[in-house]
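Notes to accompany the following structure.
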Amino acid sequence: MNAQGVIQLNQRLHQWMEQYSPELEKDIAQWIRKHAISPTHDLARSFNLLDEEHRLLQIGVVGRVKAGKSSLLNALVFDGHAVLPRAATPMTAALTTLTYGETFSAHVQFYDAADRASIEQNAARYRQRFKEEEGLAADTLRQRRQRNGQHVEDEQFRADVHKAARRALQGEHALVAAHDQWQRICECNLDLSTLDSLGQLEATDLTSLARQLDEYVATGGAYMPLTKSVDILLPLPSLRNIRIIDTPGLNDPVQSREERTTVLLKDCDVVFIVSPAGQFLSEQDIEMMSRITQKEGVQELVLIASQVDNQLYGSDIRQPTLNGALNKITETLSAHMIDTLQRLKIQHPEFGRTFDCLIQNGAGKVLHTSGMCHSLSVRFDEQEGWDSSERKAWDNLQSNYPDFFTPDHTERCRANLDLLANTATLQDVLENVRAQKDRIIEQRREELIRAKSAALEAFRADLLAFTQAKYHEVRNADIEDLKAQRRKLDSLITVATYELDSMLATCIADFQGKLKKELSKRLDAAYGSTGSAVDCAGVETHEKKEVVRDSLAAKLANWAWGGGTETRTHTEFKLFWRKVYNELEHFAEEVVQNLRDASEALTFQFREQLIQESTGVARRHLGDDLDAALIIRTNQGLVSNFKLPAFELDTRDLRKLKRTGHHLLDLEARDYLDEAQHRLDAFKGEASKQIRQLIAEVKHALPTSYGDAFFKSMQERIAQLEEQVENTLLTLDRLQRMAKELEAL
C-alpha cells in the first residue's frame with residue numbers, strides 16, 4: 001500500500017464510524033487511542049511534510065517529568081548552562097522547540113482565549129464535582145459521627161469533609177490540573193490584553209536570553225502560568241538543519257498542549273527517550289516506545305539512561321574506582337535493556353529492526369549521561385553560583401569518592417565529572433544522526449506507510465470483532481435462559497454474598513497496610529534528603545571600619561593627631577529569597593507527585609486484586625450455569641466505578657513565602673528563613689495527616705457489601721440483554737450491515 005492508499009483507507013473508516021456512531025460512541029474512543037488513529041487531514045499533512053524539500057530533521061526528546069530531558073539538552077546544546085529550567089510537575093513544563101536562527105530570539109505562545117476558556121470550563125466542572133463530593137462526604141461522615149455518639153458539625157467536621165472531597169477528585173487528573181492551572185492564572189494578575197506584545201524575545205547573547213526566558217518557563221516566573229510553548233532560535237552551528245523538540249511528556253494534563261506535543265511527535269524522524277537510571281525503562285517508557293514506534297512509524301530511537309550519578313552510592317554498586325562503579329551501573333542497565341527489549345520483540349514482532357539495533361547497541365554499553373555533572377564541570381570555577389541541587393550532588397561525590405573529586409585537583413575533578421556526563425559521546429550520536437538525515441527521512445516515510453497501514457488494519461479488525469461479538473451475543477441469547485440465570489442468582493445470593501464480603505475485607509486490610517508502609521517511607525525519604533536551598537541563597541559579609549570613639553577625649557585626640565579610633569565590624573546578611581522560594585515550591589510539588597504516584601500505583605494493584613479475587617469467589621459459587629464472561633465483565637465494571645480516594649495535599653501555603661524585590665537583609669532575611677522552616681515542617685505534618693486520612697477513607701469509599709453490589713449489577717446486565725433480545729430482528733440486521741460495509745472498505 002502506498003501513502004495515498006493509506007490516506008484513503010483512513011478516510012473511509014472515519015466515514016463508516018460517523019455513519020454508525022450510535023452503536024460505537026461508548027467504545028470507539030478506546031480503539032482510536034489504542035491504534036493512534038489520526039484525522040485524515042493530519043495524516044495527509046504528515047506525508048506532505050516528509051516530501052518537503054530542505055526539510056529540517058525533526059528530533060524529539062521524550063521522557064517522564066523529572067527524567068532529565070532539559071538537563072540533557074542544556075548539556076548538548078547550551079554547554080551545561082541552565083537555559084531550559086527543570087520542571088517540577090507537568091503543570092510547570094512548557095513545550096519547547098530549538099532550531100537555528102540568525103539571532104538569539106524566542107517566540108512564546110500563550111494560552112489563547114479558547115485555551116483559557118477550556119481551562120476555566122474544566123475548573124468550573126471541578127468545582128461542581130467538588131460540591132457533589134462534599135455532599136456525599138458530609139453524609140458519610142455525619143452517619144459515622146452519629147454511630148459514635150457525636151452530633152456536632154464543628155470546624156473539624158467541615159475541614160474533614162473538604163479534604164475527603166479533594167481526595168475523591170484527585171483521580172480525575174484533567175479536572176484537577178485545570179483547577180490548579182486556573183488558580184495560577186488568576187493569581188498572576190496579568191493584563192491578558194498585553195500578552196501578544198510579550199511573546200517575542202530578542203537578546204544579544206545566550207545568557208541574556210536565558211534570563212528573559214526565566215520569567216516565562218521557570219517556576220515562579222511572572223508569565224509561567226500562561227505559557228503554553230516556547231520556540232527558541234539560536235545562531236549555534238549545532239542546530240543547523242535540525243529541529244529539537246523538548247516535550248513535557250505524553251499524558252500531559254493540559255489538553256491543548258498535549259495535542260501539540262502529539263502532533264509534533266508524529267513528525268519526528270528521530271526520538272531520544274530519556275529514562276532515569278534509577279527507574280530505567282519503566283512501564284511509562286515502554287508505553288511511549290510502543291506508541292511512537294508501532295503507531296507513528298518512528299524507527300530511529302536512542303535510549304539514554306539519565307541521572308547516572310544518583311546510582312553511584314548503593315552498597316551493591318560501590319567499587320574501589322569511579323570507573324569500576326560506572327561500569328557496574330552500565331552493565332546492569334545494558335542487561336536490563338536487552339532483556340526487556342527481547343521480551344518486547346517476541347510480543348511485538350513488528351518492532352523488528354528498531355529493537356534489533358537497540359539490542360545490538362546495548363550489548364556493548366548503554367548510553368548514560370548526567371546533566372548535573374556536565375553543569376558542575378562547565379561551571380567548576382563558579383562554585384559560589386551553584387544552586388542547592390548542584391551543591392548537594394557535589395557533596396555526595398566528594399564524600400563517597402574523595403580520591404576522584406579532590407578540590408585541589410581541578411583537572412582531575414573535571415575529567416571525572418565529564419566521565420559521568422558522557423556529553424562528548426552523546427554529541428557524536430547527535431552528529432551521526434545529522435549526517436544521515438536523508439536516509440532517515442526516506443526510511444521514516446516507508447515506516448510511516450507500514451505503521452499506519454498496520455494500525456488501520458488492526459483498528460478495522462477490532463471494529464469488526466466488536467460488531468460480530470455483539471451480533472452473536474444478541475442472536476444466541478435466549479429469553480428463557482436469561483430468566484433462568486436470574487433465578488439462579490437469587491438462589492445463591494446469601495452464601496456467595498458472605499464470602500464476597502469477607503474477600504473485600506481482606507483486600508482492604510492488605511491495601512491499607514501497603515499504603516501506610518509505602519507512603520510513609522517515601523515521605524521520610526524525601527525529608528531525609530533535603531539539603532535545602534538556604535545554604536547557597538544567603539550571603540553574609542563582614543566589613544571592618546575605623547571609627548572615632550564616642551567621647552570628647554577621643555574626638556580631641558582624633559583632631560590633634562588622628563588617634564581616638566577603634567575598629568568596628570559591620571555584618572550584613574543578604575538572602576536571595578526567590579532561590580529559597582523556588583526550591584521549596586519545587587520540593588513540595590515533587591513530594592506531592594511522588595506520594596500521588598505511589599498511591600495511584602497501589603490503587604491500581606488493589607483494583608486488579610479485587611477483580612481477580614471476586615471473580616474467583618463468584619465462579620466457585622455460580623459454577624457453569626452463568627456465563628463466565630458476564631461474571632468477569634460485571635466485576636470489571638463494578639471495580640472500575642469505585643471512587644477510591646487519591647492522595648491530595650495542598651501546597652498553596654508555601655506560596656505565602658513570596659516577597660518583592662531581589663533580596664532581603666539582616667533581621668528580615670533571618671525571619672524569612674525561620675518562616676520557611678516553619679512552613680516546611682508544617683507541610684510534612686500535613687502530609688502525614690493526609691496519608692492517615694487517605695488510609696481511613698478507603699473503607700468508606702467502598703460498598704458496605706460487595707456481594708449486594710455484585711448481584712445487583714449482574715441482574716441489571718441480564719435485564720439489559722433481555723431487552724436487546726426482544727428487538728432481535730432490527731438489531732441483527734443493522735449489525736450485519738455494519739460488518740459487511742466494514743469488510744468492504
Of all heavy-atom pairs between C188 and I185, which one has the smallest distance, and what is that distance? SG-O, 2.9 Å
Check S599 against L694 and note the closest heavy-atom contact, atom names and distance. OG-CD2, 3.9 Å
So, R127 side chain and H179 main chain: donor-acceptor pair closer than 3.5 Å or not? no
D418 and R414: CA distance, side-chain angles, deciding distance, salt bridge (Lys or Arg N to Asp or Glu O under 4.0 Å) verdict: CA-CA 6 Å; D418 291 342; R414 278 198 165 123; over 6 Å; no
Main-chain N/O of L312 paired with Y401 side-chain donor or acceptor, under 3.5 Å: yes
Could you list the residues that satisfy side chain to side chain donor-acceptor pair (under 3.5 Å) with W394, not counting sequence neighbours? Q398
Taking only residues two or more places apart in sequence or in another chain, which ones pass side chain to side chain donor-acceptor pair (under 3.5 Å) with E187? R655
Could I get the full list of salt bridge (charged side-chain N to carboxylate O under 4.0 Å, His left out) partners for R522, not counting sequence neighbours? E518
Could you note down all residue pairs passing salt bridge (Lys or Arg N to Asp or Glu O under 4.0 Å) where residues 680-689 supplies at least one of them, sequence neighbours left out? K163-E686, D524-K684
Is any side-chain heavy atom of L680 less than 4.5 Å from a side-chain heavy atom of L584? yes
Reported CG-to-CD distance for the pair D160 and E697, which is rounded to 0.5 angstrom: 8.0 Å
How many angstroms lie between atom CG of D403 and atom NE2 of H409, to the nearest 0.5 angstrom? 10.5 Å
I'd like to know if D395 and R391 make a salt bridge, using a cut-off of under 4.0 Å between side-chain N and carboxylate O. no
Does the side chain to side chain contact (heavy atoms under 4.5 Å, CB included) test come out yes or no for I691 and K516, once each step is laid out? CA-CA 7 Å; I691 291 172; K516 181 179 180 180; 5.6 Å; no
Go through the steps to decide whether E134 and K131 satisfy the test salt bridge (Lys or Arg N to Asp or Glu O under 4.0 Å), and finish with yes or no. CA-CA 5 Å; E134 273 194 319; K131 187 175 180 181; over 6 Å; no
Can you tell me if W182 uses its side chain to pair, donor with acceptor, with the backbone of N122 under 3.5 Å? no
Would you say Q109's side chain and S229's backbone share a donor-acceptor pair under 3.5 angstrom? no
Only counting residues at least two apart or in another chain, list the ones meeting ring pair (Phe, Tyr, Trp, His ring centres under 6.0 Å) with Y223. Y216
Check the pair T227, F110 against side chain to side chain contact (heavy atoms under 4.5 Å, CB included), reporting the backbone distance first and the verdict last. CA-CA 5 Å; T227 300; F110 297 101; 4.1 Å; yes
Qualifying residue, where the test is side-chain contact (heavy atoms from CB on, under 4.5 Å) with D246 and the options are T96, L98, V77: T96
Side chain to side chain donor-acceptor pair (under 3.5 Å) filter on R679, not counting sequence neighbours, yields D653, E675
Main-chain N/O of N396 paired to S399 side chain as donor or acceptor, under 3.5 Å: yes
Gap between atom NZ of K517 and atom CD1 of I695 - 0.5 Å precision: 13.0 Å
List the residues meeting salt bridge (charged side-chain N to carboxylate O under 4.0 Å, His left out) with E132, not counting sequence neighbours, and say none if there are none. R129
Taking the side chain from N416 and the backbone from F404, do they hold a donor-acceptor pair closer than 3.5 Å? yes
Out of the candidates I245, V274, I304, only one should pair with V61 under the side-chain contact (heavy atoms from CB on, under 4.5 Å) rule; please name it. V274
Looking at every non-hydrogen atom in both residues, tell me the closest pair between H374 and T423 and how far apart they are. ND1-OG1, 2.8 Å
Where the side chain of S370 meets the backbone of Q307, is there a donor-acceptor pair that is under 3.5 Å apart? no
Side chain to side chain donor-acceptor pair (under 3.5 Å) involving H107 - partner list, sequence neighbours excluded: Q200
Under the side-chain contact (heavy atoms from CB on, under 4.5 Å) test, which residues partner L234, sequence neighbours left out? F78, F104, L206, L209, I232, L236, L239
Nearest 0.5 Å, please: how far is CD1 in I119 from CG in L226? 8.0 Å
Please tell me if the side chains of Y313 and L397 come closer than 4.5 Å, counting only heavy atoms from C-beta onward. yes
Work out which heavy atom in M372 is nearest to a heavy atom in A393; give both atom names and the distance. CG-CB, 3.6 Å
Within the 4.5 Å heavy-atom criterion, are L417 and F405 side-chain neighbours or not? yes
Using 0.5 Å steps for rounding, measure from the CG atom of L595 to the CD atom of E600. 11.5 Å
Can you name the nearest heavy-atom pair linking F157 to A138, along with the distance? CZ-O, 3.8 Å
Can you tell me how far the CG atom of L664 sits from the CG atom of L575, to the nearest 0.5 Å? 5.5 Å
What are the two closest heavy atoms between F573 and A669, and how far apart are they? CD2-CB, 3.7 Å
Taking salt bridge (charged side-chain N to carboxylate O under 4.0 Å, His left out) as the definition, give me every residue that meets it alongside E120, ordered by chain and number, with sequence neighbours left out. none
Residue pair L657, V580: steps toward the side chain to side chain contact (heavy atoms under 4.5 Å, CB included) verdict: CA-CA 9 Å; L657 288 167; V580 179; 5.9 Å; no
Looking at residues at least two apart in the chain, or sitting in another chain, which of them share a side-chain contact (heavy atoms from CB on, under 4.5 Å) with S197? T194
Residues forming a salt bridge (charged side-chain N to carboxylate O under 4.0 Å, His left out) with R692, sequence neighbours excluded: none
Does the pair N422 and V308 meet the rule for a side chain to side chain contact (heavy atoms under 4.5 Å, CB included), with working shown? CA-CA 10 Å; N422 203 29; V308 73; over 6 Å; no
Hey, does F683 have a side-chain heavy atom less than 4.5 Å from the side chain of V592? yes
Are there more than 12 heavy atoms of other residues, nucleotides or ligands under 6.0 Å from atom CD of Q279? no
Any side-chain heavy-atom pair of F647 and L515 under 4.5 Å: no
